[in-house]
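Below is one structure, written out as structure tokens, with a few remarks after it.
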Amino acid sequence: MILLIDNKIKPPRLVAWELTNACNLACIHCRASAIKDPAPDELSTAQAMHFVDELLEYRPIIILTGGEPLLRPDVYDIARYASGQGIRVVLATNGTLLTPDIVRRLKDAGIQRTSISIDGATVKTHDTFRGEPGAFDAALRGIDILKKEGMSFQINTTITKRNLDEIPGIYDLALDLGASALHIFLLVPTGRGEDIEHEEIPPDEYERVLNWFYDKSKDPGIQLKATCAPHYFRIMRQRAKAEGIRITKETHGLEAMTKGCLGGSGFCFVSSRGDVYPCGYLPALAGNIRQHPFKMIWEESAVFNDLRDPAKLKGKCGICEYRMVCGGCRARAYAATGDYLDEEPYCVYVPVRT
Ligand code: HEM
Ligand SMILES: C[C@H]1O[C@@H](n2cnc3c(N)ncnc32)[C@H](O)[C@@H]1O
Ligand code: SF4
């Protein structure tokens with residue numbers, strides 16, 4: 001685990017790139033506060049291509065996200081340009097706009113996997129979450145098209161109080177549909193998510209759902225990943241220790257190789273205007289790619305260098321024996337106190353080390 005405990009600068013392994021802020025849906029929790037029309041100052045196609053050139057230095061997996069990335073007509077050109085240089089490119093969509101022709105074009109542009117967001121096991125829960133009647137059926141149609149066209153897909157689910165009871169149902173649905181993976185996101189109160197802050201699940205429910213997730217991670221057939229739930233990496237270790245199992249890639253898959261939050265150390269988020277952030281949920285600006293080279297922002301910005309240094313963590317996260325593998329959600333800390341280095345507010349664990 002040496003990999004996790006040195007804080008020197010490593011290349012970004014994943015870059016989530018919000019191609020546009022526009023969206024055809026209006027989800028209640030949307031971190032992007034996406035609206036129908038794109039902002040007037042989104043990156044141009046030429047600026048987008050230039051950014052791809054800058055990423056060649058590091059060759060991260062690029063997640064094309066939004067807003068709804070399919071609303072950007074040059075999504076295919078950008079994907080083709082990056083994948084043509086050997087970069088792995090994936091797409092995150094709400095799935096409602098997919099047609100067989102669009103999926104063929106995405107495949108042709110080199111998109112290797114697509115994620116579809118499903119936030120309820122029932123029509124009612126998903127549609128009220130996503131602010132649009134018919135969204136659930138349209139997302140399922142989208143999945144059906146991906147399957148028919150032979151595109152690998154995963155399901156992304158945001159957990160809040162309103163869908164907590166349906167998470168096992170979403171898991172069963174993901175299995176039935178043949179998804180390669182189910183990635184859970186825990187609500188972060190940012191963007192429109194701030195308006196439903198009261199729907200964040202309480203810390204003891206985090207423990208319950210993440211322990212359930214650990215149990216499920218033993219089922220073969222679907223890859224599970226907890227995103228924006230750094231506590232999972234503590235729970236995984238507590239559970240494995242209780243079971244007398246050593247965590248290795250063989251026993252715990254990719255989760256064994258990574259840590260709670262990669263924001264600023266192996267991951268960053270780039271907005272539709274070129275602003276660079278540790279993740280899409282933490283509005284601590286590291287720089288803008290129109291003003292500075294991405295390399296300079298990644299390597300020199302104060303916020304990224306703060307996040308690379310576990311010694312800077314405050315409160316109980318700062319003394320926690322799990323701080324190297326968890327580190328808390330910096331976006332939730334920021335939302336709670338205005339300081340992204342503060343302790344994670346949604347964690348029940350009391351560190352034993354003083
Ligand atoms: C296979 C390995 C993958 C890993 C290790 C991974 C890891 C991550 C990480 C670390 C984050 C950031 C969470 C944070 O901010 O702390 C993230 C976010 C995200 N991932 Fe993945 N991911 C993977 C695959 C995918 C794929 C294949 C897709 C889509 C097809 C995807 C879609 C997303 C999206 C949409 C976000 C949120 C970006 C935003 O802020 O809008 N991921 N992922
Ligand atoms: C990429 C994934 O991020 C989810 N997403 C959008 N806004 C938020 C938020 N405030 N908190 C957590 N997840 C969110 C989307 O629903 C999508 O599934
Ligand atoms: S969460 Fe995604 S689908 Fe929903 S409004 Fe935001 S960008 Fe659109």
Side-chain angles (χ1 to χ4, degrees), residues 14-39 42 61-72 75 90-98 113-120 125-136 138-139 142-143 153-164 167 170 174 179 181-201 206 209 225-230 261 263 267 269-272 277-283 329-332 334-336 346:
L14 280 152
V15 172
W17 183 3
E18 178 192 69
L19 285 186
T20 178
N21 194 45
C23 190
N24 60 318
L25 299 184
C27 303
I28 50 165
H29 69 309
C30 182
R31 60 134 188 80
S33 301
I35 49 168
K36 297 275 175 245
D37 295 315
E42 289 191 340
I61 297 176
I62 300 179
I63 303 164
L64 298 179
T65 180
E68 179 45 53
L70 294 179
L71 290 179
R72 209 177 142 134
V75 60
V90 300
L91 179 88
T93 168
N94 61 45
T96 61
L97 301 174
L98 293 173
R113 185 187 280 184
T114 295
S115 69
I116 306 278
S117 302
I118 298 282
D119 296 321
T125 307
H126 181 87
D127 286 3
T128 47
F129 213 110
R130 296 248 138 203
E132 185 79 24
F136 188 70
I143 288 175
F153 73 98
Q154 70 177 53
I155 287 175
N156 289 347
T157 299
T158 303
I159 301 181
T160 71
K161 280 182 189 165
R162 76 169 72 195
N163 65 2
L164 184 60
I167 301 306
I170 295 176
L182 170 64
H183 288 197
I184 53 165
F185 294 73
L186 278 293
L187 177 69
V188 187
T190 188
R192 277 200 289 272
E194 211 177 323
D195 305 338
I196 54 159
E197 198 178 6
H198 54 281
E199 292 193 27
E200 277 189 89
I201 61 170
Y206 266 86
V209 73
K225 193 170 116 16
T227 302
C228 307
C261 171
F267 175 83
F269 172 87
V270 180
S271 83
S272 59
Y277 298 98
C279 75
Y281 311 100
L282 173 52
C329 170
R330 302 294 99 227
R332 249 176 237 119
Y334 182 83
Y346 280 74

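Predicted model, so just to flag it, every value in this text is computed and none were measured. In each ligand, atom 1 is the first atom listed, and ligand 1 is the first ligand listed.
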Measure across H126 and S117 and return the closest heavy-atom pair with its distance rounded to 0.1 Å.
->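 Scanning both residues, the minimum pair turns out to be CE1-O, 3.3 Å.
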Minimum-distance pair of heavy atoms, taken over all atoms of L186 and I201 =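 Where L186 meets I201 most closely, the heavy atoms are CD1-CD1, 3.8 Å.
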Taking the side chain as C-beta and beyond, is there a heavy-atom pair between [X] and [Y] under 4.5 Å?
{"X": "I116", "Y": "L98", "value": "yes"}
{"X": "E132", "Y": "D127", "value": "no"}
{"X": "L282", "Y": "T190", "value": "no"}
{"X": "F267", "Y": "V15", "value": "no"}
{"X": "T158", "Y": "N163", "value": "no"}

What is the ring orientation for F269 with Y277, classed by angle as parallel under 30°, tilted 30 to 60°, or perpendicular over 60°?
->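 Judged by the thresholds at 30° and 60°, the geometry between F269 and Y277 is tilted.
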Report, in ascending order of atom number, the atoms of ligand 2 lying under 4.0 Å from any heavy atom of [X].
{"X": "L187", "value": "10 (N), 11 (N), 12 (C)"}
{"X": "S117", "value": "17 (C), 18 (O)"}
{"X": "T158", "value": "4 (C), 5 (N), 12 (C), 13 (N), 14 (C), 15 (C), 16 (O)"}

State plainly whether the residues E18 and R31 are in salt-bridge range, i.e. N to O under 4.0 Å.
->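 The answer is yes: the pair qualifies as a salt bridge.
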Tell me, which protein residue and heavy-atom name are nearest atom 6 (Fe) of ligand 3, and how many Å apart are they?
->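 For atom 6 (Fe) of ligand 3, the nearest protein heavy atom is C30 SG, 2.3 Å.
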Would one find an N, O or S atom of C23, in either backbone or side chain, under 2.8 Å from atom 4 (Fe) of ligand 3?
->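 No, since none of the N, O or S atoms of C23 sits under 2.8 Å from atom 4 (Fe) of ligand 3.
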Out of C27, P69, A32, A26, who gets a non-hydrogen atom closest to atom 4 (Fe) of ligand 3?
->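 Answer by nearest heavy atom: C27.
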Out of R130, H29, R31, whose heavy atom sits nearest atom 14 (C) of ligand 2?
->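 Nearest option to atom 14 (C) of ligand 2, by heavy atoms: H29.
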List every atom of ligand 3 that sits less than 4.0 Å from any heavy atom of G67, numbering the atoms from 1 in the order shown and giving each element.
->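 Those atoms are 7 (S).
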Of all the atoms in ligand 3, which lie at a distance below 4.0 Å from a heavy atom belonging to R192?
->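 So the atoms of ligand 3 that pass are 5 (S).
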Contact between C30 and ligand 2, counting heavy atoms under 4.0 Å?
->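 For ligand 2, residue contact (heavy atoms, under 4.0 Å) with C30 is present.
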Min heavy-atom dist L186 to ligand 2 below 4.0 Å |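 Within the 4.0 Å threshold, so yes.
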Do any nitrogen or oxygen atoms of V188 lie less than 3.5 angstrom from nitrogen or oxygen atoms of ligand 2?
->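 Looking only at distances, the answer is yes, because the N/O contact criterion of under 3.5 Å is met.
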Specify side chain, backbone, both or neither for R130, according to which of its non-hydrogen atoms lie closer than 4.0 Å to ligand 3.
->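 Just the side chain.
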